[in-house]
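Every number for a ligand or one of its atoms is a count from 1 in the order of the listing. Along the sequence shown, residues are numbered consecutively beginning with 1.
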Amino acid sequence: MRPTRSSTRLGGGSAVEGVALERIARDIGTPCFVYSRAAIERAWCEYDRTLSGIPHEICYSVKANSNLAVIDVLGRLGAGFDIVSGGELERVLAAQVPARRIVFSGVGKRDAEMAAALEAGVGCFNVESAQELDRLAFLAKMAGKRAPVSLRVNPDIDARTHPYITTGLHENKFGIPVGGARGLYARAAASPSLEVRGIDCHIGSQLASLDPFLEALDRLLALVDSLAGDGIPLAHLNLGGGLGIRYRDESPPPPAALAAAIAERLSGRGIVLMLEPGRSIVGNAGMLLTRVEYLKRNGEKRFAVVDAAMNDLIRPALYDAWHDIVPVTPREGDSEPYEIVGPVCESGDFLGRERRLVLEPGDLLTVRSAGAYAFVMSSNYNTRPRAAEVMVDCDRYHVVRKRERVRDLFADESVLPPDSTSS
Ligand code: LLP
């Protein structure tokens with residue numbers, strides 16, 4: 001296994017691993033996402049190595065970046081996968097990962113999705129409500145199977161992150177309140193078509209400190225002990241994902257610090273620890289490459305209009321998120337404050353604000369920390385084809401998703417028949 005160093009942020013220089021970014025931009029065009037295989041592997045291995053003293057499974061959260069190449073690279077390391085839809089199930093299976101390494105999370109699983117996951121033989125269903133539990137039991141009975149289950153409890157902990165990505169407060173839609181969990185476990189244990197495996201939670205994303213994780217862990221362990229007293233022993237405890245990364249000047253604990261703190265509390269218990277990290281595996285292992293089209297000035301404001309937009313990276317518009325933006329080849333001269341904006345017809349279409357840069361039209365920029373929740377949240381707004389994705393592997397690069405073609409964007413649309421007249 002190659003990776004050894006702890007994870008760093010990609011995109012500060014003119015190359016990724018051994019490949020020049022100018023070359024990728026010239027060959028593939030912009031906008032384009034670039035990922036580093038080594039950086040992805042390093043981040044996953046950091047969790048795995050630190051947890052080597054206790055039984056564990058690191059299930060990469062596919063929603064962060066679901067490209068088949070990312071799934072494949074992690075699958076080869078032995079990763080498990082956290083999925084939230086039938087679509088993600090198909091992707092992971094298409095990457096030839098054994099279904100037992102998959103955990104199926106999500107607050108609104110539909111019958112067809114659960115049936116497909118049962119058929120494939122996923123390792124666990126993370127169940128979020130009493131109704132879902134009953135539905136799963138019914139579907140498993142119909143299929144003549146026993147569904148492996150974990151209940152996602154809502155530990156009511158403030159993860160102190162952006163309100164849109166806080167999930168472990170009692171007012172959030174996620175999970176089962178701690179108070180109601182024991183009764184539901186008893187119901188699950190009594191069902192012949194369910195097999196109680198574990199307990200899980202996920203309290204939010206982009207967490208900046210260990211404290212909320214450890215508070216959640218303590219609440220879950222208290223429940224694990226009461227359930228053991230009820231005669232319901234659990235094989236695993238899944239603490240979800242959520243560890244933050246550095247976008248600007250944040251200093252979240254590294255994966256090794258989180259893993260070590262958890263391992264210390266769990267050692268000797270014999271329970272398998274599961275984690276579902278997404279952002280901390282791929283976030284800083286990717287970037288968005290974009291070219292400056294125009295420079296313009298409206299009043300006091302200077303704008304750099306680039307060829308990437310909110311449809312490619314919606315995080316700044318949606319969460320007011322900050323992504324570092326740096327020129328691939330820095331210029332000499334006096335910097336000016338620029339609004340870095342895309343071509344989409346909305347004033348919310350910005351990638352960065354007030355960035356002091358020295359720019360000329362045609363310059364190549366990298367928008368850093370764009371490996372997670374970037375391409376996966378992109379859209380075709382303004383009939384913009386979604387960007388290409390590239391993975392660098394040492395001194396080679398591979399196009400792991402072709403740029404979409406405009407004609408494909410409306411290929412499944414149709415006009416009304418000629419004989420339908422307007423009333
Ligand atoms: N497990 C569950 C059940 C989750 O809901 C999530 C993320 C994860 C694991 C992975 O969390 P991570 O390690 O990546 O923080 N679009 C937002 C982030 C949404 C996170 C949703 N759930 C963003 O761009 O910041």
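Residue Arg146 holds its CZ atom at 9.0 Å from CZ of Arg197, rounded to the nearest 0.5 Å.
Looking at Tyr319 next to ligand 1, an N or O pair under 3.5 Å apart turns up. For ligand 1, one of its N or O atoms has an N or O atom of Tyr373 under 3.5 Å away. Distances between N or O atoms of Arg315 and those of ligand 1 include at least one value under 3.5 Å.
Annotation for ligand 1: atoms under 4.0 Å from non-hydrogen atoms of Gly241 are 9 (C), 13 (O). The ligand atoms of ligand 1 that sit less than 4.0 angstrom from a heavy atom of Pro277 are 13 (O). Set against the non-hydrogen atoms of Gly242, the atoms of ligand 1 under 4.0 Å away are 11 (O), 12 (P), 13 (O), 15 (O). Numbered from 1 in the order shown, with element, the atoms of ligand 1 that lie under 4.0 Å from a heavy atom of Arg152 read 3 (C). Contact atoms of ligand 1 toward Gly278: 12 (P), 13 (O), 14 (O) (distance under 4.0 Å to a heavy atom of the residue). Proximity to Arg279 (heavy-atom distance under 4.0 Å) selects the following atoms of ligand 1: 12 (P), 13 (O), 14 (O), 18 (C), 23 (C), 25 (O).
When heavy-atom distances to ligand 1 are checked against a 4.0 Å cut-off, Asp82 comes that close only through its side chain, counted from C-beta outward. The side chain of Ser61, and not its backbone, has at least one atom closer than 4.0 Å to an atom of ligand 1 (non-hydrogen atoms only; side chain from C-beta on).
The cationic group of Arg182 does not satisfy the cation-pi geometry with Tyr185, failing either the under 6.0 Å distance to the six-membered ring centre or the 45° limit from the ring axis.
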Can you give the donor-acceptor pairs under 3.5 Å from side chains of residues 257-276 to other protein atoms, not counting sequence neighbours?
residue: Arg265; atom: NE; partner: Asp218; partner atom: OD1; Å: 3.1
residue: Arg269; atom: NH1; partner: Asp225; partner atom: OD1; Å: 3.1
residue: Arg269; atom: NH2; partner: Asp225; partner atom: OD1; Å: 3.4
residue: Arg269; atom: NH2; partner: Asp225; partner atom: OD2; Å: 3.1
residue: Glu276; atom: OE2; partner: Asn126; partner atom: ND2; Å: 3.2
residue: Glu276; atom: OE2; partner: Asn238; partner atom: ND2; Å: 2.7

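Checking each of Arg152, Arg135, Lys109 against Glu128 for a salt bridge (Lys or Arg N to Asp or Glu O under 4.0 Å) leaves exactly one that passes, namely Arg152. With Asp324 as reference, Arg368 is the one residue of Arg368, Arg248, Arg246 to meet the salt bridge (Lys or Arg N to Asp or Glu O under 4.0 Å) rule.
When the shell of 6.0 Å around CD of Glu250 is examined, it contains more than 12 heavy atoms from other residues, nucleotides or ligands. Glu336 CD: more than 12 foreign heavy atoms inside a 6.0 Å radius.
Partners of His323 under the ring-ring contact (aromatic ring centres under 6.0 Å, His included) rule, at least two apart in sequence or in another chain, are Tyr247.
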